[in-house]
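The structure appears right after this line, and notes come after that.
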There are 2 protein chains.
Amino acid sequence: MALDPDHVLRSAAALLTRKSTATMDEVAKAAGISRATLHRHFAGRDALVRALESLGIEECEAALDAARLDEGPAGEAVHRLVREIEPAAGLLAFLYTENQLFEGEEQNQGWTRIDERIAALFRRGQAAGEFRIDLTPAWLTEALYGLLASGAWAVSEGRVAPKDFTHMIVELLLGGALRRQEP
Amino acid sequence: MALDPDHVLRSAAALLTRKSTATMDEVAKAAGISRATLHRHFAGRDALVRALESLGIEECEAALDAARLDEGPAGEAVHRLVREIEPAAGLLAFLYTENQLFEGEEQNQGWTRIDERIAALFRRGQAAGEFRIDLTPAWLTEALYGLLASGAWAVSEGRVAPKDFTHMIVELLLGGALRRQEP
DNA sequence: ACCAAATGAGACGTCGATGTCTCATCACGG
DNA sequence: CCGTGATGAGACATCGACGTCTCATTTGGT
């Protein structure tokens, strides 16, 4: 009976985040279904990865919407963004390292849109004098992705407590490691 | 005649950083040798990856030595470290995402040593009152890896100028994105 | 010039993953 | 109670990558 395709994608994301070379059979077992059923829902491994990519884009855009990036101080908007995107961080980390997605020049336009929205947030912060201007928005965007991936990986390895995920990323991204005397 | 194995490893690292699923044949072509010769130097794909891992560890430790992590302010030591490690960043980025290396519990002890040396640097900075103490040394270490990988990736994609690599990483890691009025 | 070693090209066989197929079983609705 | 549809289990062929091998050619040293 109509199996929940979303559940399959979640399981696949969780597994592939840990083992990006997992077999279709392993993906199926992880989702608690048979390989045949997995193939009935997703034409092949490529289709599965594409579906994961679409899911990742959806969740990213949902997080971007929920974070209301154009409201209030940019720093607080970054904080909201990381908090909203945290549940999808594992999936993002997988997609981030799946450079196969970008081999063809046909880079999914969804990512371009997301990149642009995040970069716009950093630009806004710079224009407001809130963020420093010697770090380009493109780099800050890239660094955010990298820290999200590192954070997801560190949590799954037990090196960082899950509850500290957002704090660690936001504080490092915005405040850096140096100690300061003020707020 | 004695082909330069180091050159092969460099080529392989450069290729695998961009396309982690590259074939042995592609690796050989990238190095300008035949697949047969590649097999004569490295027993198999696994051996090749292991050799890359050893090379990465060597370069990391060389960078750690050259950066003299226990001299002067910790912040400056971090700066030296990133500068020294920059040439190896691409290789590091590849190894960082090659989670296959850590599937077996048999995590290469070299990484443990490197992790510990970097974490010790952050601990030293914290003890000296130079770094904030709400970000754990383990997380700062992980974040450094993530930023190095993001930086290498951003440079190879043309989103960041190569000459800005060290500055972008060090400034973000130490100072964060927020603008400050001091030093 | 000669010899030894290394290389390149290519031909295999092997193996694992994939994709497709069939058939038995099970769940749910009429 | 029966029938339709989805699922699970497994067989099967295909395909790509791998690893090994041979043989001709080239390179470098003597």
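The shown structure was predicted, so the numbers you read here are calculated from the model rather than taken from an experiment.
Distance, A:Lys29 NZ to D:dG8 P: 11 Å, rounded to whole Å. If you measure from atom CG of A:Leu48 to atom C1' of C:dT18, you get 13 Å, rounded to the nearest angstrom. Taking atom CG on B:Asp25 and atom P on C:dA9, their separation rounds to 10 Å, with Å as the unit. C:dT18 atom P lies 12 Å from atom CG of A:Asp46, rounded to whole Å.
When every heavy atom of A:Ala143 is checked against every heavy atom of B:Leu172, the shortest pair comes out as CB-CD2, 3.2 Å. Closest approach of B:Pro137 to B:Ala119, counting heavy atoms only: CB-O, 3.8 Å. The two residues A:Ala22 and A:Arg45 have their closest heavy-atom pair at O-NH1, 2.9 Å. Heavy atoms only, all atoms of each residue included: A:Val155 and A:Ala161 are closest at CG2-O, 4.3 Å. Closest heavy-atom contact between A:Gln126 and A:Ile133: NE2-CA, 3.7 Å.
The shortest distance between the side-chain N/O atoms of A:Thr37 and the OP1/OP2 oxygens of D:dG8 is below 4.0 Å.
Legend: residues meeting side-chain hydrogen bond (donor to acceptor under 3.5 Å, both in side chains) with B:Arg35, ordered by chain and number and at least two apart, are absent. For A:Ser54, there are no side-chain hydrogen bond (donor to acceptor under 3.5 Å, both in side chains) partners, not counting sequence neighbours. By the side chain to side chain contact (heavy atoms under 4.5 Å, CB included) test, B:Ala74 is found to be paired with B:Leu121, B:Arg124, B:Glu130, B:Phe131, residues two or more places apart in sequence or in another chain being considered.
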Query raised in the report: Between B:Glu142 and A:Ser150, is a side-chain hydrogen bond (donor to acceptor under 3.5 Å, both in side chains) present by the stated rule, with each step listed?
Result: CA-CA 6 Å; B:Glu142 199 76 26; A:Ser150 293; 5.6 Å; no
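Defining each end axis of the helix from C:dA1-D:dT30 to C:dG30-D:dC1 as the rotation carrying four pairs' C1' atoms onto the next four, with five pairs an end, the two axes are found to diverge by 20° to 10 degrees.
Remark: B:Arg159 fails to qualify as a cation-pi partner of B:Trp153 under the 6.0 Å distance and 45° angle criteria applied to the six-membered ring.
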Query raised in the report: Nucleotide by nucleotide, 5' to 3', does protein get under 4.0 Å of the base (B), only the sugar-phosphate (S), or neither (-) in nucleotides 20-25 of chain D, counting heavy atoms?
Result: B-B---
Taking N or O atoms only and anything under 3.5 Å, show me the protein contacts with nucleotides 15-17 of chain C, one pair per line.
none

